[in-house]
Amino acid sequence: MKYAEQLSLTREETALFKTIGEVAATLEQEVYVVGGFVRDRLMQRRQDRDEQDVDLVTVGDGPALAQAVAERFPTSSKVSIFQRFGTAMIQLDSWELEFVGARKESYVEDSRKPTVAPGSLEDDQYRRDFTINAMAISLQADSFGEIIDPFDGRKDLEIKRICTPLEPGQTFSDDPLRMMRAIRFATQLDFRIDDETFQGIQNHAERLDIISAERISTELQKIIAAPKPSIGFQLLSQANLLIRFFPEMENLRGIEVRKGIRHKDNFYHTLEVLDNVAVKSNNILLRWAAILHDIAKPATKRFHPDHGWTFHGHDAVGAKMVPKIFKRMRLSLDHKMKYVQKLVRLHLRPISLTKENISDAAVRRLLYEAGDDIDDLMLLCEADITSKNPSRVKRYLANYERLRAKIEEVEEKDRMRNWEPPISGDEIMAAFGIKPSKAVGDIKTAIREAILDGNIHNDKAAAWSFMLEKGKDLGLKPVMESPPEES
């Protein structure tokens, strides 16, 4: 289907696309903008980042066209050719232009690698994932800007529907990652997945097993970054996909009742916490902490006739699960994972402090362990309030406000964020004339705990005196009675 009207473009877009069309004409090739750029323009939706991604299909040699286009912008463009895949990329100021030759594909059942042959624009549109991504605009001089829409994707945009251009089974069997992409688009755009298309996802869920963990995680990260990520997780669960790559999350589902006592459904509770965090923060790692904060509840669930359901230790057990989950999903195992692990481990600490008179020592310890992440931890804890009882929510939030005030008071007085004890291991060894040993670690730990508990002042003189006493208890004889600067 071809529309006579033109897609609305900015002056900059018009100039760039006309140049690309002119270059293609000199090579006797047709060229079209396809996919997400067309979809987003019709939705009047701008890309969230500064760089603009544009996919271009040419009926001919994609890398050759890219090279010729780059030559028109010699001082501001960089071209990368991927001859093996028949694609090329141009970085042009704020534009990222990807060129590919129109092609048709066929697959065998047990492979993700298609047999590829040159094709027409129509062939290329047939191999697209969804109707809303199968639209193209012409860059030819005689039809510049005209929309080519063989699957009525514009109508699906209007009614906010996601469906495949071909029979869903064929689309998803050809490239199983499209099942994840369908749910990602539904989450990002707040669209509904067509019933037949969703049934196709459920019927072919096992095909996701041939997709790499890296590619699955890329789509999952985009779902988590959406305005309301719970939409995506509910769809992933309903489509039988979540169980295939994130069984720990799926295992949170369900309610058990014993002797008339039930516990909440921790799957839906987790999604509420995730959405609560998403309202307040775009930090995807904080959102991961929300996803994983109760991940160990199935493993720690116990029923006690006198106390009902308990999940003792789920914070510590959950923290140990974080690296395993991140590793399996091929996510970063550096400081990013450790940040998530820390928040999972500490997420019960603030609420436990609100249940008692808040001591300076308890707050010092919390500040020491949370460091610069204390504000994120508090945000996570407040998001964890999902009670349907307004008075209970009000009471919990008031408790957290009191704790925040106490944190500010102790921080102003003691400066405990990212704090280290005033005496180092080297200084302990020098004071007693000893080599690295267990005693050095024991003394350093004792100094730290004494300061955190408020038993000694947080200064070098007090810590040094305490160190000498602790060393004597361990049978060590000091060779330095006072710190070097006081000698």
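Computed from heavy atoms alone, side chains included, the values below leave out hydrogens, waters and symmetry copies.
Side-chain contact annotation: E98 with T87, donor-acceptor N/O pair under 3.5 Å absent. In this structure, a donor-acceptor pair under 3.5 Å is present between the side chains of S332 and D334. At a cut-off of 3.5 Å, with distance as the only test, a side-chain donor of D384 or H293 sits close to an acceptor on the other residue. Checked by atom type, the side-chain pair S94/Q52 shows no donor-acceptor distance below 3.5 Å. With 3.5 Å as the limit, one finds a donor-acceptor pair spanning the side chains of Q140 and S138.
Of all non-hydrogen atoms in T14 and F144, the two that sit nearest each other are O-CZ, 4.0 Å. Nearest heavy atoms, S281 versus N283: OG-N, 3.0 Å. The minimum heavy-atom distance linking A136 with V34 is given by the pair CB-CG1, 3.6 Å. What you find for I385 and N276 is that their closest heavy atoms are O-ND2, 4.0 Å. Shown here for A370 and L377, the closest heavy-atom pair between the two residues is CB-CD2, 4.3 Å. Heavy atoms only, all atoms of each residue included: A289 and V344 are closest at O-CG2, 4.2 Å.
With a 4.5 Å cut-off on side-chain heavy atoms, H347 and D315 count as touching. Taking 4.5 Å as the limit, every side-chain heavy atom of D53 sits out of range of all side-chain heavy atoms of F37. At a threshold of 4.5 Å between non-hydrogen side-chain atoms, the residues L220 and M329 count as touching. Annotation: side chain of I20 is in contact with side chain of L97 (closest heavy-atom distance under 4.5 Å). Looking at heavy atoms from C-beta onward, Q234 lies in side-chain contact with Y268 at the 4.5 angstrom threshold. Between I211 and F245, every side-chain heavy-atom pair lies at or beyond the 4.5 Å cut-off. Between I147 and R154 there is a side-chain heavy-atom pair separated by less than 4.5 Å. Using a 4.5 Å cut-off on side-chain heavy atoms (C-beta onward), I183 and I231 make no contact.
Within the model, atoms CZ of R181 and CD1 of I223 stand 11.5 Å from one another, a figure rounded to the nearest 0.5 Å. Atoms CG and CD1, on L286 and I291 in that order, are 10.0 Å from each other to the nearest 0.5 Å. Note: L343 CG to C381 SG = 8.5 Å, rounded to the nearest 0.5 Å. Distance check: R215 CZ to I210 CD1 gives 9.5 Å after rounding to the nearest 0.5 Å. Atoms CD1 and CG, from I132 and L42 in turn, are 10.5 Å apart once rounded to the nearest 0.5 Å. F172 contributes atom CZ, which lies 12.5 Å from atom CZ of R207 (distance to the nearest 0.5 angstrom).
Qualifying side-chain hydrogen bond (donor to acceptor under 3.5 Å, both in side chains) partners for K342, counting only residues two or more places apart in sequence or in other chains: D373. E272 is linked by a salt bridge (Lys or Arg N to Asp or Glu O under 4.0 Å) to K388, counting only residues two or more places apart in sequence or in another chain.
Between R41 and E13, at least one side-chain N (NZ, or NE/NH1/NH2) sits under 4.0 Å from a carboxylate O, which counts as a salt bridge. Here R128 pairs with D124 in a salt bridge; the nearest charged N to carboxylate O distance falls below 4.0 Å. A salt bridge links R244 with D209: the closest approach of a Lys/Arg side-chain nitrogen to an acidic carboxylate oxygen falls below 4.0 angstrom. Looking at K280 and E382, no side-chain N of the basic residue comes within less than 4.0 Å of a carboxylate O on the acidic one, giving no salt bridge. A salt bridge between D294 and K297 is present, with a side-chain N of the basic residue lying under 4.0 Å from a carboxylate O of the acidic one. Using a cutoff of 4.0 Å between basic side-chain nitrogens and carboxylate oxygens, R328 and E248 are scored as salt-bridged. Between R161 and D156 there is a salt bridge, with a side-chain nitrogen of the basic residue lying less than 4.0 Å from a carboxylate oxygen of the acidic one. Checked for salt-bridge contact, E256 and K301 meet the test: a charged N lies under 4.0 Å from a carboxylate O.
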- Task: Run the numbers on E250 and S237 for side chain to side chain donor-acceptor pair (under 3.5 Å), then give the verdict.
- Result: CA-CA 7 Å; E250 185 66 45; S237 179; 2.9 Å; yes
- Intermediate values then yes/no, side chain to side chain donor-acceptor pair (under 3.5 Å), Q341 and R345: CA-CA 6 Å; Q341 188 178 33; R345 187 180 70 251; 5.5 Å; no
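Within the 3.5 Å criterion, the main-chain N or O of D61 finds no donor-acceptor partner in the side chain of T58. The backbone N or O of E167 sits nowhere less than 3.5 Å from a side-chain atom of Q170 that would complete a donor-acceptor pair. In this structure, T19 contributes its side chain and A15 its backbone to a donor-acceptor pair below 3.5 Å. In this structure, the side chain of S352 engages the main chain of R349 through a donor-acceptor pair within 3.5 Å. A donor-acceptor contact shorter than 3.5 Å is absent between the side chain of H204 and the backbone of I201. The backbone N or O of L452 lies less than 3.5 Å from a partner atom in the side chain of R364, making a donor-acceptor pair. Between the side chain of T218 and the backbone N or O of E214 there is at least one donor-acceptor pair closer than 3.5 Å. For the pair N203 (side chain) and G200 (backbone), a donor-acceptor distance under 3.5 Å is absent. A donor-acceptor contact shorter than 3.5 Å is absent between the side chain of D93 and the backbone of W95.
Between F191 and F130, the ring center distance fails the sub-6.0 Å criterion. Ring pair H269/H263: centre-to-centre distance not below 6.0 Å. Aromatic ring centres of W288 and F326: separated by under 6.0 Å.
Cation-pi check for R253 over F267 is met; the charged atom lies under 6.0 angstrom from the ring centroid and within 45 degrees of its normal.
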Under 3.5 Å, which donor-acceptor pairs link side chains of residues 316-323 to any protein atom two or more places apart or in another chain?
none

